[in-house]
Asker: 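Sharing a structure with you now.
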Number of protein chains: 2
Amino acid sequence: MGNDLNDRSRTILEAIVDDYISSGDPVGSRAMTRRHNMDISPATVRNVMADLEEMGYLASPHTSAGRIPTDKGYRYYVDSLLQLRELTSREKQRIEDHCNVEKKSVESLLQETGKALSSLSSYAGIVMAPRFTSTVFRHIEFVRLSGGKVLVVFVSQSGLVQNKLIELDEDLSQRELEKITNYLNNALSGMTIQEVKEKVAAEMKQEKALYDELMQRALNLSDKALAEDVEERVYIEGASSFLELPDFADVGKMKKLFLAFEQKSRLVDLLDKSQEASGVQIFIGSANSYNEIEGCSLITSSYRNVHGTIGTLGVIGPNRMKYSKVIPIVDYTARLISRLMETGLGKEK
Amino acid sequence: MGNDLNDRSRTILEAIVDDYISSGDPVGSRAMTRRHNMDISPATVRNVMADLEEMGYLASPHTSAGRIPTDKGYRYYVDSLLQLRELTSREKQRIEDHCNVEKKSVESLLQETGKALSSLSSYAGIVMAPRFTSTVFRHIEFVRLSGGKVLVVFVSQSGLVQNKLIELDEDLSQRELEKITNYLNNALSGMTIQEVKEKVAAEMKQEKALYDELMQRALNLSDKALAEDVEERVYIEGASSFLELPDFADVGKMKKLFLAFEQKSRLVDLLDKSQEASGVQIFIGSANSYNEIEGCSLITSSYRNVHGTIGTLGVIGPNRMKYSKVIPIVDYTARLISRLMETGLGKEK
DNA sequence: CGTTAGCACTCATGATTGACGAGTGCTAAC
DNA sequence: GTTAGCACTCGTCAATCATGAGTGCTAACG
C-alpha cells in the first residue's frame with residue numbers, strides 16, 4: 001500500500017492537502033485548478049476527487065462544499081507526498097537561541113524547550129521528562145523535617161531532581177540518616193531506578209539484611225522513598241495558540257482539549273508509546289483513539305544520551321498542521337537537546 | 001465613604017449585582033422587581049438606577065439594555081453588602097479531602113491545592129509558593145555532574161526543594177564538595193535565603209576569608225548558587241473553566257487571559273502585593289491596572305507558618321464571580337494549608 | 001475511452017426586513 | 001416622593017432572498 005495512486009491523483013491530493021492546511025476551508029475543484037495553474041479542467045479534478053473520496057482519502061462536510069482530507073489522507077500526504085526541506089541555518093540558530101538560554105536547571109531547560117517549540121511552530125510545544133523508573137540513579141539525600149517527616153531528594157544522572165515526603169516508623173537522627181545516605185549512594189550508583197527497586201526488594205528478603213540494622217533501615221527507607229512514581233513529567237507550552245484556530249471554534253471541543261492539557265495523563269501514555277521508536281513520529285487525528293485530543297496531530301521525537309532514550313518532545317497542533325515546517329523543527333530540536341543533555345549534564349565522567 | 005447610600009439604594013444595588021452574577025445578562029427594572037418580589041414599582045427602581053449610574057456604581061452597555069455593575073459597584077457590594085455564610089461542615093470536609101490527599105511533596109501539595117480551589121469554586125485556582133529569597137534555609141547539597149557542572153539542591157524549612165545548575169571555575173572533588181556542604185549546612189541553618197545572601201556577601205569582603213581556602217570556596221560556590229531566583233512559583237489550575245464563561249466569548253480577551261496564565265510573571269507581582277496583608281483580599285477588575293486579566297477578579301489569602309507568611313493562594317474568576325461562595329472557600333483553604341504546613345512540614349523541631 | 005463543457009441542483013453565507021420584547025427616560029397625576 | 005403611562009430605543013430572532021462556490025451527471029469531443 002502507499003503508492004496505489006497514479007500520478008495525477010497524487011498531485012491532486014497533495015494540492016488539496018496543501019490548500020486545506022493553509023486556508024482551513026474545504027477546497028473545491030475550480031478554485032484549486034486556478035490556484036495551482038493546473039492544465040486540467042475542474043471537471044476532471046472532480047472525477048479524481050470522487051475517486052479519492054471513495055478510497056477514503058477525502059471527505060466532504062456537506063453536499064456542496066469542497067473536500068477536506070481525512071486522517072487517512074493526511075497520513076498518505078505525510079508518508080508519501082511530503083518533501084521536507086532542510087532548516088536554514090538562520091532557523092537553526094533561532095532554535096538554539098531559544099533552548100540555549102542559560103541552563104538554570106534541567107527542568108527549566110525542558111520547559112524552555114517547550115516554549116521554543118511552541119514559539120517556532122506557532123502551535124503548542126510539549127516536552128516529556130524521562131519516566132522516573134527508567135532514569136539512572138545519581139544521588140539520594142534525606143533531610144529531616146519536623147513531625148517525623150523526612151524529605152527524600154533524588155538526583156538522576158541527567159540532572160533531574162525529584163523530591164518526596166515520607167513518614168518514618170522509627171525516629172532516626174540526622175546522623176543515622178547520613179549513614180544511610182552514604183550507604184545508598186555507594187550501593188546504588190549507576191543503576192536505573194527500576195533496577196534499584198528490584199535490588200531493594202530482593203535484599204529485603206534476604207536473611208542477612210535482618211542482622212544488619214543499618215542496612216535494614218536503609219532498605220526500609222529506600223523502599224518507601226521509591227514506592228510511588230507520581231511526578232509532573234510533562235510540560236505543555238503555548239496551548240493558547242489553539243485559541244486562534246478556527247478548527248476549534250466550538251467551545252466544547254476547545255474545552256475538551258484544554259482539559260486534556262491540564263490532566264496530561266493520557267498524553268503521557270501517548271508519548272510513552274513514541275518513546276521507543278527513533279526519529280520523528282507523527283500521530284494523526286484520532287487515529288490514536290485518544291479522543292480527548294480529537295482533531296489534533298502530534299509530531300514527536302525522542303531525545304537521548306549515551307544511556308539511551310531519556311525523553312520525548314514534540315509539537316501538538318491541529319490536524320491541518322504545517323507538517324513541512326514543523327517536522328524539521330521537532331527533529332532538529334530533539335537532536336539539539338540530545339546534544340545538550342549529553343555534553344552538559346547527562347554523561348558521567 | 002462606603003455607606004453614602006440609603007437603604008433602598010443598597011437593596012437595589014445588591015439585587016442587581018446578585019442577578020447579574022447569576023445570569024450574566026444586564027438586569028432591567030421590571031424583571032428585577034418581579035424576581036425579588038419587591039413592593040416598589042419598576043419606575044421607582046429606574047430612578048434609583050439612574051442615581052446609581054450617576055454615582056458610578058452601575059453602567060449600561062447601551063441605551064435600552066439593563067444595567068451592569070461597574071468595578072466600583074462590585075467593590076461596594078463586596079465591602080458593604082455581602083454577607084458571608086459559614087461553610088457547612090460537609091463543604092469543609094470536601095476541601096480537606098481535596099488537599100489532604102497523601103502528601104507526596106510540598107510542591108504537589110500546593111498543586112493539589114490549586115486543583116481543589118478550582119474544583120470547589122468552579123473558577124481557576126491559583127497557588128503561589130513562597131518567594132525564594134524569603135524562605136528559611138534548611139539544607140543545601142552539591143552533586144557533581146559531568147563537564148564541570150554541579151547541581152545545587154536547596155531544601156527550605158517548609159520542605160520546598162529547588163535545584164540549579166552551576167559551573168565551577170575550579171575543579172572540586174566530590175569530597176571537597178561534601179566538606180563545603182557540611183560547612184554551609186552548619187553555618188546557614190535557620191536563616192532566610194535573603195539573610196544568607198547578605199552574610200555571604202559580607203564575609204566575602206572580610207580579610208579572613210582570603211586565608212581560609214575552604215571557606216573561600218564555600219562562599220564562592222554559594223554566591224553562585226544563590227545568584228538568581230528564577231523558579232516556577234505559581235500553580236494555576238483549572239484555567240479551562242474560563243472557556244465556558246460567556247463573559248470571555250471574545251477570542252481576543254480569552255487569548256490575552258491565557259497568555260497571562262502562561263507567563264505568570266505579572267500575576268506573581270499581584271500576588272506578592274497581597275502577600276503582606278492578612279486575611280482575604282479581593283482585587284476587582286482592572287482596578288489593579290493589570291489589563292492582561294481584564295474582566296477578572298482575584299480572591300486571595302496568604303498562608304503562613306510560625307515564621308510568618310509563606311505564600312499566597314486564591315481563586316481567579318470573572319468579575320461577576322460568586323463572591324459569597326468563593327470567599328469562604330479561599331479563607332478556609334488558606335487556614336487549612338497553614339495548618340498543614342505548620343504541623344506536617346514547616347515547623348522545625 | 002479519457003477528458004471536458006454544460007447544466008441543473010445543493011447549500012452555506014450574508015444582508016435585509018419586520019415583529020417582538022425588554023429596557024429606558026420623561027411627564028403628569030396621585 | 002412615588003407611580004402609571006407613554007413614546008422611543010435597540011438587541012434578538014426568524015424569515016426571506018440573492019449570491020456564489022461547489023457537486024454530480026450527461027453528452028459531446030478529440
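Naming: A, B, ... by sequence-line order, numbering from 1 per chain.
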Asker: What orientation do A:Tyr74 and A:Tyr20 show, parallel under 30°, tilted 30 to 60°, or perpendicular over 60°?
Answerer: tilted

Asker: Less than 4.0 angstrom between a side-chain N/O of B:Arg8 and OP1 or OP2 of D:dG1, yes or no?
Answerer: no

Asker: What I want to check is whether the side chains of A:Glu53 and A:Ser60 have a donor and an acceptor closer together than 3.5 Å.
Answerer: yes

Asker: Does A:Glu292 come within less than 4.0 Å of A:Arg266, counting only side-chain N to carboxylate O?
Answerer: yes

Asker: Specify the residue among B:Ala65 and B:Ser41 whose closest nucleotide of DNA chain D lies further upstream toward the 5′ end.
Answerer: B:Ser41

Asker: If I take atom CD1 in residue A:Ile12 and atom P in nucleotide D:dT23, what distance separates them, rounded to the nearest angstrom?
Answerer: 12 Å

Asker: What are the residues of residues 21-36 of chain B, sorted by number, that bring a heavy atom to within less than 4.0 Å of DNA chain C?
Answerer: B:Gly28, B:Ser29, B:Ala31

Asker: Can you confirm whether the side chains of A:Arg10 and A:Tyr76 place a donor and an acceptor under 3.5 Å from each other?
Answerer: yes

Asker: State whether the side chain of A:Ser9 and the backbone N or O of A:Leu5 hold a donor-acceptor pair below 3.5 Å, judged by distance alone.
Answerer: no

Asker: Please give, in whole Å, the distance from D:dT2 C1' to B:Asp51 CG?
Answerer: 13 Å

Asker: Taking only Lys NZ, Arg NE, NH1 and NH2, and the carboxylate oxygens of Asp or Glu, determine whether A:Glu262 and A:Lys255 approach each other closer than 4.0 Å.
Answerer: no

Asker: If only side-chain N and O atoms count, and only distance matters, is there a donor-acceptor pair under 3.5 Å linking B:Asp331 with B:Ser301?
Answerer: no

Asker: Using rotation axes that map the C1' atoms of four end pairs onto the next four (five pairs an end), what angle separates the end axes of the helix from C:dC1-D:dG30 to C:dC30-D:dG1, to 10°?
Answerer: 20°

Asker: In whole Å, what is the span from the CG atom of B:Asp39 to the P atom of D:dA4?
Answerer: 12 Å

Asker: When you look at B:Phe258 and A:Phe258, which way does the ring pair (Phe, Tyr, Trp, His ring centres under 6.0 Å) test go after all the steps?
Answerer: CA-CA 11 Å; B:Phe258 274 80; A:Phe258 273 81; 5.0 Å; yes

Asker: Regarding A:Glu91 and A:Thr88, is there a side-chain donor-to-acceptor distance under 3.5 Å anywhere?
Answerer: yes

Asker: Both B:His62 and B:Pro42 contact DNA chain D. Taking the nearest nucleotide for each, which residue is further toward the 5' end?
Answerer: B:Pro42

Asker: Please check the phosphate of D:dA21 (OP1 and OP2 only) for any side-chain N or O of A:Ser64 closer than 4.0 Å.
Answerer: no

Asker: According to a strict under-4.0 Å criterion, is B:Thr63 in side-chain N/O contact with OP1 or OP2 of D:dC10?
Answerer: yes

Asker: Determine, for A:Lys273 against A:Asp269, whether the closest basic-nitrogen to carboxylate-oxygen distance falls under 4.0 angstrom.
Answerer: no

Asker: Side chains of B:Asp18 and B:His36 only: does a donor on one sit below 3.5 Å from an acceptor on the other?
Answerer: no

Asker: Could you go over nucleotides 25-29 of chain C and give all protein N or O partners under 3.5 Å, atom names and distances?
Answerer:
from   : atom 1 : to      : atom 2 : distance (Å)
C:dG25 : OP1    : B:Arg67 : NH2    : 3.1
C:dG25 : N7     : B:Arg46 : NE     : 3.3
C:dG25 : O6     : B:Arg46 : NH2    : 3.2

